[in-house]
Chemist: 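Have a look at the structure that comes next, please.
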Amino acid sequence: KAAEQGHPGAQHNLGLMYDLGRGVPQDYKKAFEWYSKAAEQGEALSQCTLGEMYRFGQGVPQDYKKAFEWYSKAAEQGHAGAQHNLGLMYDLGRGVPQDYQKAAEWYAKAAKGGYAIANTKLGLMYENGKGVPQDYKKAFEWYTKAAEQGDAIAQLGLGFMYHDGRGVPQDYKKTFEWFTKAAEQGNALAQLALGFMYHDGIGLPQDYVQAYKWFNLAAAQDNEDAKKSRDGLLKAMTPAQIAEGQRLSREAMEKIQKK
């Protein structure tokens, strides 16, 4: 009733119910209609959601320009998710000419609003000098903020910075710690990197069983380098070691899937 009377919050919630199929049959077109009513009244969350629907072609034909327009409306109201997504559109050049500087500006606004993934994006931009001057110390700072909030990509980035000594003194112990945090969240690149650390004995004792475990987990995600490394390692392992590596892989996979 409140939605029909024009209450934007209620209109958004009704759109969400159709979007998720909660209490009503899932219907993206009806979700879009209700989100639109709320968005037209200035509801930032609905504006951001419309941006998502246009971006992914959900309930409407995919249209990056319209996605950009709706993200812009929500971002200008301070919606951190929309600010991140607007940065992403500039970053990728979708619906707007590619502009790394503007991407970095919007990522920074989203990061200040507490959007963890925006911290990671800023870390990547400072690490690679995209839209901002290359600055490994700032990259390290932004990765740290996101990594401490649990972002696996940032944790992986921190691991590499400690590994290479960029923006921070080289420290293989911390490399191992951050790779492990990311790998235990299921990040295939972190799993591959841990496999190499165990295989080559980088900062820790060489351990082919542990190397096999991490290579095998990354290989299960179709990482070709991991498949080659795991299969190449088999020649140096005993049948008992291989069986142990497989057992450890299964245990680790169960833990990852429970998270």
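Nothing fancy with the numbering, it's 1 onward along the sequence.
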Chemist: At their closest point, which heavy atom of Ala218 faces which heavy atom of Ala188, and how far apart are they?
Modeler: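 The answer is CB-O, 3.5 Å.
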
Chemist: With a 6.0 Å cut-off on ring centres, are Tyr54 and Phe68 close enough?
Modeler: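 No, the ring centres sit 6.0 Å or more apart.
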
Chemist: Taking side chain as C-beta onward, heavy atoms only, is Tyr126 less than 4.5 Å from Gln134?
Modeler: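 Contact flag for Tyr126/Gln134 side chains = no.
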
Chemist: Do Met197 and Met237 land in one hydrophobic cluster if side-chain heavy atoms of ILVMFWY residues count as linked below 4.5 Å?
Modeler: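 The answer is no; the residues belong to distinct hydrophobic clusters.
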
Chemist: Rounded to the nearest 0.5 Å, what separation is found between the CG atom of Asp19 and the CD atom of Gln58?
Modeler: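 Answer for the CG-CD pair, Asp19 versus Gln58, is 5.5 Å.
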
Chemist: Just how far is it from atom CE of Met89 to atom NZ of Lys102, taken to the nearest 0.5 Å?
Modeler: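 Nearest 0.5 Å value for the CE-NZ distance: 14.0 Å.
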
Chemist: Over all heavy atoms of both residues, which pair between Asn187 and Gln221 is shortest? Give the atoms and the distance, please.
Modeler: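 Heavy-atom minimum between the residues: C-NE2, 4.3 Å.
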
Chemist: Determine, using the 4.5 Å side-chain heavy-atom cutoff (strictly less than), whether Tyr162 and Tyr172 are members of one ILVMFWY cluster.
Modeler: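 No, no single cluster joins them.
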
Chemist: Only one of Arg55, Gln47, Gln83 passes side chain to side chain contact (heavy atoms under 4.5 Å, CB included) with Tyr71; say which it is.
Modeler: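 Only one of Arg55, Gln47, Gln83 forms a side chain to side chain contact (heavy atoms under 4.5 Å, CB included) with Tyr71, namely Arg55.
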
Chemist: Do Leu189 and Ile202 share a hydrophobic cluster (ILVMFWY, side-chain heavy atoms under 4.5 Å, transitive)?
Modeler: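 In one cluster with Leu189: Ile202, yes.
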
Chemist: Nearest 0.5 Å please: distance from the OG1 atom of Thr49 over to the NE2 atom of His79.
Modeler: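 The NE2 atom of His79 is 7.0 Å from OG1 of Thr49, to the nearest 0.5 Å.
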
Chemist: Report the C-alpha separation of Leu194 and Lys213 in whole Å, then their side-chain angles, then the decisive distance to 0.1 Å, and conclude whether the side-chain contact (heavy atoms from CB on, under 4.5 Å) test is met.
Modeler: CA-CA 10 Å; Leu194 272 182; Lys213 163 190 161 181; over 6 Å; no

Chemist: Does the pair Leu88 and Tyr107 meet the rule for a side-chain contact (heavy atoms from CB on, under 4.5 Å), with working shown?
Modeler: CA-CA 8 Å; Leu88 190 65; Tyr107 286 150; 3.6 Å; yes

Chemist: Would you give the length of the straight line joining atom CG of Asn13 to atom CZ of Arg22, rounded to the nearest 0.5 angstrom?
Modeler: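 Between atom CG of Asn13 and atom CZ of Arg22 there are 11.0 Å.
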
Chemist: I need the single residue from Tyr143, Trp142, Tyr136 that forms a side-chain hydrogen bond (donor to acceptor under 3.5 Å, both in side chains) with Glu127. Which is it?
Modeler: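 So the option named by the test is Tyr143.
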
Chemist: Output the distance between atom CD (Glu40) and atom OG (Ser46), rounded to the nearest 0.5 Å.
Modeler: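 So the CD of Glu40 and the OG of Ser46 are separated by 10.5 Å.
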
Chemist: Nearest 0.5 Å, please: how far is OG in Ser72 from NZ in Lys66?
Modeler: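 Here the interatomic distance stands at 14.5 Å.
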
Chemist: What's the shortest heavy-atom distance between Ala219 and Arg230, and which atoms?
Modeler: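 That closest heavy-atom pairing would be CB-NH1, 3.6 Å.
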
Chemist: Which atom pairs, donor and acceptor, lie under 3.5 Å between side-chain atoms of residues 178-186 and protein residues at least two apart or in another chain?
Modeler:
{"residue": "Thr180", "atom": "OG1", "partner": "Phe176", "partner atom": "O", "Å": "2.7"}
{"residue": "Gln185", "atom": "NE2", "partner": "Gly150", "partner atom": "O", "Å": "2.8"}
{"residue": "Gln185", "atom": "NE2", "partner": "Gln155", "partner atom": "OE1", "Å": "2.9"}

Chemist: Pair up each side-chain donor or acceptor in residues 108-124 with any protein partner under 3.5 Å, not counting sequence neighbours, and list the distances.
Modeler:
{"residue": "Thr120", "atom": "OG1", "partner": "Asp151", "partner atom": "OD2", "Å": "2.9"}
{"residue": "Lys121", "atom": "NZ", "partner": "His84", "partner atom": "NE2", "Å": "2.9"}

Chemist: Test side-chain contact (heavy atoms from CB on, under 4.5 Å) on Leu158 and Lys174 and set out the steps.
Modeler: CA-CA 9 Å; Leu158 271 187; Lys174 288 189 175 177; over 6 Å; no

Chemist: Has Glu251 got a side-chain atom pairing as donor or acceptor with Arg247's backbone, closer than 3.5 angstrom?
Modeler: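 No; judged by distance alone, with no hydrogens or angles, the pair does not exist.
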
Chemist: Test of understanding: clusters of I, L, V, M, F, W, Y form through side-chain heavy atoms closer than 4.5 Å, transitively. Do Phe215 and Leu234 belong to the same one?
Modeler: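 The answer is yes; both residues are in one hydrophobic cluster.
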
Chemist: Do Leu217 and Leu248 belong together in a cluster built from hydrophobic side chains that touch within less than 4.5 Å?
Modeler: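 Result: no, two separate clusters.
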
Chemist: Might you work through the side-chain contact (heavy atoms from CB on, under 4.5 Å) test for Lys227 and Asp222, ending with a clear yes or no?
Modeler: CA-CA 8 Å; Lys227 289 178 184 178; Asp222 291 325; 3.4 Å; yes

Chemist: Is it the case that atom CD in Glu177 sees more than 12 heavy atoms from other parts of the structure closer than 6.0 Å?
Modeler: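 Atom CD in Glu177 is crowded, with more than 12 foreign heavy atoms closer than 6.0 Å.
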
Chemist: For Ala31 versus Gly15, what's the shortest heavy-atom pair and its separation?
Modeler: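 Minimum heavy-atom separation between Ala31 and Gly15: CB-O, 3.3 Å.
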
Chemist: Closest approach of Ala82 and Ala74, non-hydrogen atoms and distance?
Modeler: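 Closest approach of Ala82 to Ala74, heavy atoms only: CB-CB, 3.5 Å.
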
Chemist: Measure across Ala75 and Leu86 and return the closest heavy-atom pair with its distance rounded to 0.1 Å.
Modeler: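 Between these two residues, the closest heavy atoms are CB-CD2, 3.8 Å.
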
